Amino acid sequence: MTDYSSNPTLRESATYGRDVIHEIQRAAETGIYDIRGWGAKRKVPHFDDLLFLGASMSRYPLEGYREKCDTRVTLGTRHAKKPLVIETPVTIAGMSFGALSAQAKEALGRGASEVGTSTTTGDGGMTAEERGESTKLVYQYLPSRYGMNPDDLRKADAIEVVLGQGAKPGGGGMLLGQKISDRVAQMRTLPKGIDQRSACRHPDWTGPDDLAIKIAELREITDWQVPIYIKVGATRTYYDVKLAVKAGADVVVLDGMQGGTAATQEVFIEHVGIPTMAAIPQAAQALQEMGVHREVQLIVSGGIRNGADVAKAIALGADAVAIGTAALIALGDNHPRYDEEYRQLGSAAGFYDDFQEGKCPAGISTQDPELSQRLDPVAAGKRLANYLRVLTLEAQTLARACGKSHLHHLEPEDLVALNVEAAAMARVPLAGTDWVPGQRF
Ligand SMILES: Cc1cc2nc3c(=O)[nH]c(=O)nc-3n(C[C@H](O)[C@H](O)[C@H](O)COP(=O)(O)O)c2cc1C
């Protein structure tokens with residue numbers, strides 16, 4: 001590449017940066033929009049912009065080795081005869097068989113089960129391996145109905161009606177032809193090797209009243225045994241949560257704009273939805289106003305990476321969190337020894353930037369039989385379980401430092417923000433002040 005650094009008259013444009021120029025050239029050459037996996041890559045206000053106020057004089061911290069800090073959460077206490085009890089408030093988000101290999105789905109189940117939490121199916125249905133290895137499995141009921149099977153529905157420990165995802169609220173996902181193997185095609189009753197778009201809305205309802213009827217149907221089919229979740233992408237969250245509760249949800253799953261996806265249009269991922277942190281206070285407010293906060297549980301996802309994120313999401317009002325991207329990173333051996341193979345995909349080892357390609361050298365986001373064999377579901381499951389344990393221990397550490405004997409005792413009052421944007425979105429004071437921008441006192 002030519003080195004222009006010695007030419008002082010060349011000046012980079014803040015509006016037309018290198019990446020923007022490259023994208024215009026790419027679009028002009030190909031005439032097609034860019035499709036990719038992962039979530040938003042731009043910087044948006046996030047949990048890193050919040051800090052905990054650990055206890056000192058005015059608060060009393062708990063001792064790590066002797067005093068208990070509970071992490072157990074019960075989901076679905078509103079209507080279900082058998083609510084789902086998870087030992088840590090970190091669950092595995094719905095990720096489709098098709099996007100992920102059968103080995104990866106099995107590994108997610110193994111890892112989640114080892115620590116007593118749940119995992120979730122996805123577009124494309126339930127695999128036998130996944131059901132077999134998951135002690136707590138949530139079944140997604142999606143707009144596409146790909147892989148939807150009433151027998152599998154009845155085998156689930158909870159049902160998640162997906163209305164939207166944070167990466168693409170208002171839109172549907174994609175599964176490129178290279179991932180449509182015989183098994184994926186057969187489960188989805190669609191042709192092999194042809195790109196598939198998932199629908200952006202359910203075929204049989206137009207609004208919340210229809211949704212209430214659909215939920216009633218699902219309850220009848222499952223004899224009121226299991227919790228029914230509603231998953232929404234974060235946009236008009238305050239209203240969406242109120243409508244979900246009105247429609248009868250036991251649990252609301254709220255996915256912020258940083259949330260991952262297997263593949264969708266880049267323009268969607270970066271330009272639709274609101275940050276996870278901004279959505280949680282809206283959801284908590286809606287639940288509180290309806291008098292159902294912690295009775296209708298709130299699961300939050302989109303950019304959860306460590307125990308601090310878990311604790312902050314809970315302090316803002318979540319009951320639990322779900323992880324997608326981080327779980328795949330924990331599973332996988334995105335190792336330098338595969339670097340050459342990653343580079344052939346336009347990525348590099350360590351970037352996890354190839355979900356859409358279907359040629360994942362680590363055997364996670366592929367249907368290629370040889371590549372998927374590279375992932376050992378037992379070893380990968382152990383890695384995920386380790387990671388889930390660390391998230392839990394980290395969240396407990398922070399909660400104890402704030403004097404809390406259950407993660408759910410964390411509250412917005414334990415947090416401050418580092419900048420004005422985060423303070424306004426999270427509705428907590430700017431650090432060192434009592435100023436919450438936008439709040440009337
Ligand atoms: C590979 C992959 C596949 C996904 N498939 C689905 C799906 O089938 N259904 C769904 O509701 N969400 C799907 N998602 C989104 C996740 O359920 C979740 O909302 C998101 O990953 C959370 O954000 P995070 O990745 O930052 O943790 C997928 C995400 C990834 C990364």
Side-chain angles (χ1 to χ4, degrees), residues 36-41 44 46-47 90-101 104-105 108 118-127 130 138-148 159-169 171-176 179 184 187-188 196-200 202 229-234 253-264 268-269 273 275-277 279 299-306 309-310 313 318 320-332 352-358 360 362 364-367 384 387-388 391:
R36 69 165 174 86
W38 196 268
K41 292 189 178 180
V44 295
H46 198 36
F47 296 116
V90 188
T91 67
I92 307 300
M95 292 184 275
S96 63
F97 167 63
L100 301 184
S101 63
K105 292 296 288 173
L108 292 173
S118 61
T119 185
T120 314
T121 64
D123 228 356
M126 181 192 280
T127 68
E130 176 179 38
V138 183
Y139 188 72
Q140 280 200 333
Y141 188 76
L142 293 117
S144 69
R145 303 284 197 277
Y146 291 153
M148 161 51 201
I159 294 167
E160 183 171 305
V161 180
V162 179
L163 296 195
Q165 287 177 38
K168 46 184 187 269
M174 307 213 166
L175 194 63
L176 299 184
K179 282 186 166 179
V184 173
M187 280 177 69
R188 296 182 183 221
Q196 291 178 2
R197 270 199 80 245
S198 296
C200 68
H202 286 257
Y229 304 3
I230 294 183
K231 177 175 181 176
V232 289
V253 181
L254 176 63
D255 195 26
M257 76 167 279
Q258 298 99 315
T261 177
T264 201
F268 234 127
I269 300 175
T276 307
M277 185 180 73
I299 302 180
V300 167
S301 57
I304 303 285
R305 305 150 299 172
N306 51 45
D309 292 347
V310 177
V321 301
I323 56 168
T325 304
L328 301 184
I329 296 173
L331 284 192
Y352 294 85
D353 212 4
D354 60 298
F355 291 170
Q356 70 285 353
E357 293 289 344
C360 171
I364 296 171
S365 56
T366 181
Q367 298 303 321
L384 176 62
Y387 171 62
L388 290 168
L391 290 183

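Only a predicted model underlies this, so the values are computations on that prediction, with no experimental measurement involved. Counting convention: from 1, in listed order, for ligands and their atoms alike.
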Looking only at distances, can you tell me whether any N or O atom of T261, backbone or side chain, sits closer than 3.5 Å to an N or O atom of ligand 1?
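In this structure, T261 places no N or O atom under 3.5 Å from an N or O of ligand 1.
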Would L100 count as a polar contact of ligand 1, with the cut-off being nitrogen or oxygen pairs under 3.5 Å?
no
In the protein, which heavy atom is nearest to [atom], and how far is it?
atom: atom 8 (O) of ligand 1; value: D123 N, 2.9 Å
atom: atom 27 (O) of ligand 1; value: G324 N, 2.8 Å
atom: atom 26 (O) of ligand 1; value: G303 N, 2.8 Å
atom: atom 17 (O) of ligand 1; value: G94 O, 2.6 Å

Carboxylate-amine/guanidinium proximity below 4.0 Å for D353 and K41
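Answer for the salt bridge query: yes.
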Which bit of [X] is near ligand 1, meaning a heavy atom under 4.0 Å away: side chain, backbone, both or neither?
X: D255; result: side chain
X: E160; result: neither
X: Q165; result: side chain
X: T120; result: neither

Nearest-0.5 Å distance that lies between atom [atom1] in [X] and atom [atom2] in [Y]:
X: Q258; Y: R305; atom1: CD; atom2: CZ; value: 8.5 Å
X: F355; Y: W38; atom1: CZ; atom2: CH2; value: 6.0 Å
X: S365; Y: D354; atom1: OG; atom2: CG; value: 4.5 Å

Check Q367, E130, M95, K179 against L100 for a side-chain contact (heavy atoms from CB on, under 4.5 Å) and give me the one that passes.
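So, applying the side-chain contact (heavy atoms from CB on, under 4.5 Å) to L100 and each of Q367, E130, M95, K179, only M95 qualifies.
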Which of these passes side-chain contact (heavy atoms from CB on, under 4.5 Å) with L391: D309, V90, V321?
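So the option named by the test is V90.
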Sub-3.5 Å donor-acceptor pair from the side chain of K105 to the main-chain atoms of M126, do we have one?
no
So if I count the atoms of ligand 1 from 1 in the order they appear, which ones are less than 4.0 Å from some heavy atom of [X]?
X: G302; value: 22 (C), 23 (O), 26 (O)
X: S96; value: 5 (N), 8 (O)
X: Q258; value: 26 (O)
X: F355; value: 31 (C)
X: T325; value: 24 (P), 25 (O), 26 (O), 27 (O)
X: V162; value: 11 (O)
X: Q140; value: 7 (C), 8 (O), 9 (N), 10 (C), 11 (O)
X: G122; value: 8 (O)

Of the listed options G147, G173, G260, A93, closest to atom 15 (C) of ligand 1 (non-hydrogen atoms):
G260
Would you check, one step at a time, whether the test side chain to side chain donor-acceptor pair (under 3.5 Å) holds for Q140 with T121?
CA-CA 6 Å; Q140 280 200 333; T121 64; 5.3 Å; no
Check: T261/K168 side-chain N/O donor and acceptor closer than 3.5 Å
yes
Apply side chain to side chain contact (heavy atoms under 4.5 Å, CB included) to A320 and list each qualifying residue two or more places apart in sequence or on a separate chain.
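A320 satisfies side chain to side chain contact (heavy atoms under 4.5 Å, CB included) with I86, P89, I299 only.
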Not counting sequence neighbours, which residues clear side chain to side chain contact (heavy atoms under 4.5 Å, CB included) with A93? List them please.
A322
Can G166 be said to touch ligand 1, with heavy atoms closer than 4.0 Å?
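Per 4.0 Å heavy-atom rule, G166 does not contact ligand 1.
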When the ring planes of Y141 and H202 are compared, do they come out parallel, tilted or perpendicular, using 30° and 60° as the limits?
parallel
